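Predicted model only: the values in this text are computed from it and were never measured.
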Amino acid sequence: MKESLYLHIPTYEELWYRRQFMEDPATMSYNRGYDLDFDRYDPETGCIAFPKEKWADWYAYFIGQEPERYYAYIVRESDGAFLGEVNVHRSQDKPWYEMGILLEAKYRGKGYAAEALELLLKHAFEDMGAEAVHNYFEAEREAAVRLHLAAGFTVYHQEKGVLKLLISREEYFRQRRS
């Protein structure tokens with residue numbers, strides 16, 4: 001039986017969950033070893049520290065900023081458990097929105113990512129009026145590649161092992177009609 005999910009904009013007090021998974025080596029292992037320009041990034045674990053003194057600025061930047069930015073937790077309807085996060089934000093120099101999706105390690109491989117991505121795309125296209133949504137990641141992340149292709153993304157560029165994927169508004173609505 002497929003679990004129902006929904007997206008929930010966290011309250012300030014619920015940022016404990018973001019801190020928990022951002023500082024979890026199993027969840028953040030996909031970041032390990034990269035040269036990332038994030039404050040408090042640990043290249044050995046992939047973790048990005050999210051101390052409480054950073055919460056207020058982060059919250060003001062991400063929450064309540066539509067249509068520029070949207071951030072939400074992925075929540076399992078049956079028990080209210082937080083499973084991860086999604087986000088989408090308008091690109092500074094391209095005619096699309098950049099997106100991100102992150103499931104806590106213990107929830108990966110259970111089918112949650114497909115529904116979470118579907119919910120994020122629905123919000124981006126139907127509520128925010130996005131013309132296109134873009135994502136990029138390493139080609140070796142096979143599950144992420146399959147997930148995005150199944151959702152209607154197309155690979156438009158590959159270089160140095162990184163895939164760049166895009167889904168247009170037209171493609172999103174075409175798939176929903178068929």
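- Remark: side-chain polar atoms of Glu14 are paired, donor with acceptor, to backbone N or O of Thr11 under 3.5 angstrom.
- Ring-plane geometry between Tyr156 and His134 is classed as tilted, the angle between the planes lying from 30 to 60 degrees on a 0 to 90 degree scale.
- Here the shortest heavy-atom pairing between Val133 and Ala124 reads CG2-CB, 3.9 Å.
- Counting all heavy atoms, side chain and backbone alike, Tyr107 lies closest to Ala81 at OH-CB, 4.3 Å.
- Without hydrogens or angle criteria, Tyr97 side chain to Glu131 main chain gives no donor-acceptor distance under 3.5 Å.
- Across every non-hydrogen atom of Tyr17 and Leu83, the tightest pair is OH-C, 3.0 Å.
- The two atoms that bring Leu120 and Met99 nearest to each other are CD2-CE, 3.9 Å, heavy atoms only.
- Here the shortest heavy-atom pairing between Ala72 and Leu7 reads CB-CB, 3.9 Å.
- Between Asp127 and Lys122 there is no salt bridge, since no side-chain N of the basic residue sits under 4.0 Å from a carboxylate O of the acidic one.
- The shortest side-chain heavy-atom distance between Lys52 and Leu15 does not fall under the 4.5 Å cut-off.
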Could you list the donor-acceptor pairs under 3.5 angstrom formed between side-chain atoms of residues 139-151 and any protein atom two or more places apart in sequence or on another chain?
| from | atom 1 | to | atom 2 | distance (Å) |
| --- | --- | --- | --- | --- |
| His148 | ND1 | Ala144 | O | 2.8 |
| His148 | NE2 | Asn135 | ND2 | 3.0 |

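- Within the 3.5 Å criterion, the main-chain N or O of Leu103 finds a donor-acceptor partner in the side chain of Arg108.
- Aromatic ring pairs are classed by plane angle as parallel below 30°, tilted from 30° to 60° and perpendicular above 60°; the pair His8 and Tyr6 is perpendicular.
- Between Phe173 and Phe125, the angle of the ring planes goes over 60°, which puts this pair in the perpendicular group of the 30/60° scheme.
- Annotation for Leu5 and Ala116: closest pair CD1-N, 4.0 Å, computed over non-hydrogen atoms.
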Exercise. How far apart are the C-alpha atoms of Phe137 and Val162, what are their side-chain angles, what is the distance that settles it, and do they pass the side chain to side chain contact (heavy atoms under 4.5 Å, CB included) test?
Worked result: CA-CA 5 Å; Phe137 45 83; Val162 174; over 6 Å; no

For this session: Let me see the working for Asp39 and Lys54 under salt bridge (Lys or Arg N to Asp or Glu O under 4.0 Å), right down to the final yes or no.
Result: CA-CA 11 Å; Asp39 186 32; Lys54 296 290 185 180; 3.7 Å; yes

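- Among residues at least two apart or in separate chains, there is no salt bridge (charged side-chain N to carboxylate O under 4.0 Å, His left out) pair with a member in residues 91-103.
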Name each donor-acceptor pair under 3.5 Å that joins a side chain in residues 18-30 to protein atoms two or more places apart or in another chain, with its distance.
| from | atom 1 | to | atom 2 | distance (Å) |
| --- | --- | --- | --- | --- |
| Arg18 | NE | Tyr71 | OH | 3.3 |
| Arg18 | NE | Glu85 | OE1 | 3.2 |
| Glu23 | OE2 | Phe50 | N | 2.8 |
| Asp24 | OD2 | Thr27 | N | 3.2 |
| Asp24 | OD2 | Thr27 | OG1 | 2.6 |
| Thr27 | OG1 | Ala105 | N | 2.9 |
| Ser29 | OG | Ala26 | O | 3.2 |

For this session: Assess whether ring-ring contact (aromatic ring centres under 6.0 Å, His included) is satisfied between Tyr70 and His89, documenting all intermediate values.
Result: CA-CA 6 Å; Tyr70 173 75; His89 63 275; over 10 Å; no

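- A donor-acceptor pair is defined here as one N or O able to donate and one able to accept, closer than 3.5 Å; no such pair exists between the side chain of Arg90 and the backbone of Glu68.
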